[in-house]
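For reference, the structure discussed in these notes is given below.
First the proteins, then the strands, lettered A, B, ... as listed; each starts at 1. Since the structure is predicted, the reported quantities are computational estimates derived from the model, not experimental observations.
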2 protein chains.
Amino acid sequence: MIILSKLADYGVIVATHLAAYPDRQVTAGTVATETRLPQATVAKLLKALAHAGLVTAARGAGGGYRLARSATSISVAEVVAAIDGDIGLTQCSVHVDECARTTYCPTRPHWAAINRAVGQALSAISLDAMLTPAAFVPRTFPSANPSQPDEPRFSA
Amino acid sequence: MIILSKLADYGVIVATHLAAYPDRQVTAGTVATETRLPQATVAKLLKALAHAGLVTAARGAGGGYRLARSATSISVAEVVAAIDGDIGLTQCSVHVDECARTTYCPTRPHWAAINRAVGQALSAISLDAMLTPAAFVPRTFPSANPSQPDEPRFSA
DNA sequence: CTATTAATGGACCAAATCGGTCCGAATTCG
DNA sequence: CGAATTCGGACCGATTTGGTCCATTAATAG
């Protein structure tokens, strides 16, 4: 399974690209060619980012996009949320009321905690951090089953 | 956006239900009625879990499913992986070779770390832990931007 | 030995979502 | 003032997902 949609992935690339050249007004087409991504898709992504207030848009000739805030103050989580909507682990995380078996489901309370962990992992990295070549290493979780023989793979 | 697919969510519910009654042979139909989930879907899920070796299946009259291992030694991550496949954050996480712009993409190395964080968050909780009424509280991550005014919501 | 029960594997269909394209509104420059 | 340019939003096709069903194999009961 893949957690981030292709669009969200591209969105982070685009946002990071903008972060690399702060205070430069760039058109969607320019970003597309520079990032080697399809033009129409980049345009759509920038629209979503603008709608979320992460980038500012200027129309007309000589217009374009630029980051609304500093690269250090924008997290990856915000970019993803701007494109794919708010992050929730499960269906009932997002639409709480639509789950008919809320009363029977013993698992639901536990999702909240995992959810928060994922969210914080994504919030912990700013666009600025994405630009640095060295990888950010988050603090690891304590494993509930340390001597587990075959853990599922989490490929990088 | 929703991280876990509905099927994976249901899968955890089913697996947790099995964990609640260890060493009891249950048919797919029984699990379906007891969990209030659609029968055909539960059957499909149990097939997948059996294929992954998480549950053992017995055919014929008096047959059914049961957990292959103890509830404490099966993590939520394993259940999810059994249904949705191995967990990867982005497309290129799973199919590394299919990303044509690997050389241009500065974000890719960073995904690995986030990826690992998500995976460990899911591995940290066993089916046994899912049964306990009190919520498990994972250790929180350090935030890269502590004074962030409007973080995206991570609904529970 | 036969009938019944239940998992297994597969094909199959409908619906939702995703990725992508197009045209219209707004703005700046000549 | 008008034409070029660029964002904004509606729209559409295709892949994926969620879900169902049937034929087959296997095991137990009578």
side-chain contact (heavy atoms from CB on, under 4.5 Å) with Leu49(A): which of Leu18(A), Leu67(A), Val79(A)? Val79(A)
d(Arg24(A) CZ, Thr30(A) OG1) to nearest 0.5 Å is 7.0 Å
Between dT17(C) (P) and Leu4(B) (CG): distance, integer Å: 16 Å
Are more than 12 heavy atoms, taken from residues, nucleotides or ligands other than Gln25(A), located less than 6.0 Å from that residue's CD atom? yes
Main-chain N/O of Ser75(B) paired to Glu78(B) side chain as donor or acceptor, under 3.5 Å: yes
Report the distance from atom CG of Leu45(B) to atom P of dT17(D), rounded to the nearest whole Å. 14 Å
It should be established whether Thr41(B) places a side-chain nitrogen or oxygen under 4.0 Å from OP1 or OP2 of nucleotide dT20(D). yes
Which residues within residues 47-64 of chain A lie with some heavy atom under 4.0 Å of an atom in DNA chain C? Arg59(A), Gly60(A), Ala61(A)
Looking at every non-hydrogen atom in both residues, tell me the closest pair between Ala28(A) and Ala43(A) and how far apart they are. CB-CA, 4.0 Å
Distance col, row Leu4(A):CG vs Leu122(A):CG, nearest 0.5 angstrom, shows 6.5 Å
Hey, is the side chain of Tyr65(A) poking within less than 4.0 Å of OP1 or OP2 on dG8(D), counting only N and O atoms? yes
Tell me the bend of the helix from dC1(C)-dG30(D) to dG30(C)-dC1(D) as the angle between end helix axes, each from five pairs, rounded to the nearest 10 degrees. 0°
So Tyr21(B) and Val26(B), do their side chains get closer than 4.5 Å, heavy atoms only? no
Between dG19(C) (C1') and Leu46(A) (CG): distance, integer Å: 16 Å
With a 4.0 Å cut-off on heavy atoms, is Ala28(B) in touch with a base, just the backbone sugar-phosphate, or nothing at all? sugar-phosphate
How many whole angstroms separate atom CD of Gln39(B) from atom C1' of dG19(D)? 13 Å
Would you say the base of dG20(C) and the side-chain of Lys44(A) have a donor-acceptor pair closer than 3.5 Å? yes
Length of the NZ-P vector between Lys6(B) and dG19(D), whole Å: 5 Å
Which residue lies more 5' along DNA chain D, comparing Ala8(B) with Val26(A) via nearest heavy atoms: Val26(A)
Separation of dT6(D) atom P from Arg66(A) atom CZ, nearest Å, is 15 Å
Any chance you could lay out the side-chain contact (heavy atoms from CB on, under 4.5 Å) test for Thr41(B) and Tyr10(B), step after step, and finish with the verdict? CA-CA 9 Å; Thr41(B) 302; Tyr10(B) 289 171; 4.2 Å; yes
Does a side-chain N or O from Ser5(A) land closer than 4.0 Å to OP1 or OP2 of dC18(C), or not? no
What is the separation between atom OH on Tyr10(B) and atom P on dT17(D), rounded to the nearest whole Å? 16 Å
Considering all heavy atoms, the nearest Ile83(B)-Gly11(B) contact: CD1-CA, 3.4 Å
Whole angstroms only, please: what is the CD-P distance between Gln25(A) and dT5(D)? 17 Å
